[in-house]
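See structure below.
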There are 2 protein chains.
Amino acid sequence: MLAHSPNGLMIRKLESIFPLSDEERQVLSELPIQVTAFRPDQDIVRVGDHPFQCCLVLQGFTCVYKLTAEGKRQIVAFHVPGDIPDLQSLHLKVMDNSVATVSPCTLGFIPHETLHDICNRYPRITAAFWRETLVDASIFREWMTGIGRREAYNRMAHLLCELKVRLEAVGLVEDGTFDLPITQAELADAVGASTVHVNRVLQELRADGLIRSKGTQVSILDWAGLKAAGDFDPLYLHRRRDGNA
Amino acid sequence: MLAHSPNGLMIRKLESIFPLSDEERQVLSELPIQVTAFRPDQDIVRVGDHPFQCCLVLQGFTCVYKLTAEGKRQIVAFHVPGDIPDLQSLHLKVMDNSVATVSPCTLGFIPHETLHDICNRYPRITAAFWRETLVDASIFREWMTGIGRREAYNRMAHLLCELKVRLEAVGLVEDGTFDLPITQAELADAVGASTVHVNRVLQELRADGLIRSKGTQVSILDWAGLKAAGDFDPLYLHRRRDGNA
DNA sequence: CGCTCCCTTGATCGTTCTCAAGGCCCGTGG
DNA sequence: CCACGGGCCTTGAGAACGATCAAGGGAGCG
């Protein structure tokens, strides 16, 4: 399996939540993917757009965000290599959110037509993509309960737990350490807090011995403690290895 | 079209977001649906369950909720007649949230097996159900940005706008008036606020001449004003009539 | 070497929570 | 018919989490 090719990455990610047959892997590995590099903070698609293709993250982090009338931003999701941030656009023709790069990114683009075609011929691939959008929705639910009912300290811990688990699925964590090229302002937009408060919360997490950070590298020092602080149960990520079918 | 039959209601709701052919309508109208009555505040499925069927709301309101370790509840969605609150369970075998009745309800149940069978034979019905789950996800995104970035007053206005539009799609609004059998405590769990604060916010909305309420009946007195207060743009509901494909 | 972006810190303000209690409506039972 | 009880709504007051405002410091880059 070409884990370093765009297709191999996508397959690896899909397989972390859905079992694929050899034939299905083969079909997916032959999908034409057009690769493009992006700088940080570039919009990929915007609210109101009618995309004709989906975007696969190959390197870097992207985010899905919405703006309020007052101009405040809420990041509703981060996406890491292997993810498809706008997979929904396959069936929702108008974007109700924007997608942007957070760090420098390499992105792959796949035309809707190609995806529709492959879905028509391989119902189980339809199911795999559908399932991927359902896991995204599950993450939305989890974030929402965090923002609505947990304090900022716990939300931040939760976010770090989630990113660690998701990055692990694509081999981007070593010894509890991973690269997190996300500014505190962006973390703030994600957890629904102010930049200042996020800064203080991160200091607390460090002071409590849960994490350490050096530049954009984050190390989890106390996984059990961080999970407890974040009230984190990976069930909602619906990974196959957690006993989810 | 039997708009009063369980199947007719489901079809009407689906058609508000997805165009169906005569044949597809026919197939859906023949789905066997087992109808059961529920009292208020009854769990229909719980976190950790492995459901073998999906639940269609026929009468009343249901909610999807999650609990934090501290026992706080976040309602992440309300569902009204025509909706399928646990459609996700078709592809996510373990429930990551619970579903409960809010008011007295009539619910219809459809085995997963039946749904999978129909999806295999009618790819466009697959697409319709997939799309329904995508619209649910879009609503999660919108709620999340509200909870994260809007104040309680605006969130409450937004929620009322959304319910009005969704109830309209199934013919449950007359002259801007609809039945809202949801307690203030439940509204609080949905907008991520305390019961006390929701009470005050509702008083403000009434004082501002935006709504009126009598018992469980809510009347929208100033639709434009309520939309403005809620920063409400129905785009995210992806109804066909809003120019969404 | 200076600019810009990001992180950090201090102080004040405010939305919202929590605690506590009183009132209303309505169904139940005597 | 009326007393009782239990939800649910309402109100008040104090506390807290977190926002906002303001400013300084560090690191990378041209």
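For clarity, every value in this text was computed on a predicted model and none was experimentally measured. So you know, we letter chains A, B, ... as the sequences are listed, proteins then strands, and number each from 1.
- Within the model, atoms CZ of A:Arg141 and CH2 of B:Trp143 stand 12.5 Å from one another, a figure rounded to the nearest 0.5 Å.
- Atom CG in A:Asp189 sits roughly 14 Å away from atom C1' in C:dC6 (whole-Å rounding).
- As a whole-Å value, the separation of A:Glu70 CD from D:dT20 C1' is 13 Å.
- Listed nucleotides: C:dC7, D:dG18, D:dT11. Nearest to the side chain of B:Gln203: D:dT11.
- More than 12 non-hydrogen atoms from other residues, nucleotides or ligands lie less than 6.0 angstrom from CD of B:Gln42.
- Considering only side-chain atoms of B:Arg200, the nucleotide from D:dT20, D:dT10, C:dC17 that sits closest is C:dC17.
- Residue B:Val196 places its side chain closer to D:dG12 than to any other of D:dG18, D:dG12, C:dT16.
- A straight line from CZ of A:Arg150 to C1' of C:dT16 spans 19 Å, rounded to a whole angstrom.
- Across all strands, B:Gly215 comes closer than 4.0 Å to no nucleic acid atom at all (heavy-atom distances).
- The CD-P distance, from A:Glu204 to C:dT9, rounds to 13 Å in whole Å.
- Of the two residues contacting DNA chain C, namely A:Thr183 and A:Arg149, the nearest-nucleotide position lying further toward the 5' end is that of A:Thr183.
- Residue B:Glu151 contributes atom CD, which lies 7 Å from atom C1' of C:dT15 at whole-angstrom precision.
- Contact check, A:Lys72 against D:dT20: a side-chain N or O comes under 4.0 Å of OP1 or OP2.
- Between B:Gln74 atom CD and C:dC17 atom P there is a gap of 11 Å when expressed in whole angstrom units.
- Distance, B:His197 NE2 to D:dG12 P: 16 Å, rounded to whole Å.
- Counting heavy atoms of neighbouring residues, nucleotides and ligands inside a 6.0 Å radius, atom CZ of A:Arg212 does not exceed 12 of them.
- Closest non-hydrogen pair, A:Tyr236 versus A:Ser138, comes out as O-OG, 2.7 Å.
- Here the P atom of nucleotide C:dC26 and the NZ atom of B:Lys214 are 13 Å apart, to the nearest Å.
- A side-chain N or O of B:Thr183 and one of B:Glu186 form a donor-acceptor pair less than 3.5 Å apart.
- Closest to the side chain of A:Asn199, from the set C:dT9, D:dT11, C:dC17, is C:dT9.
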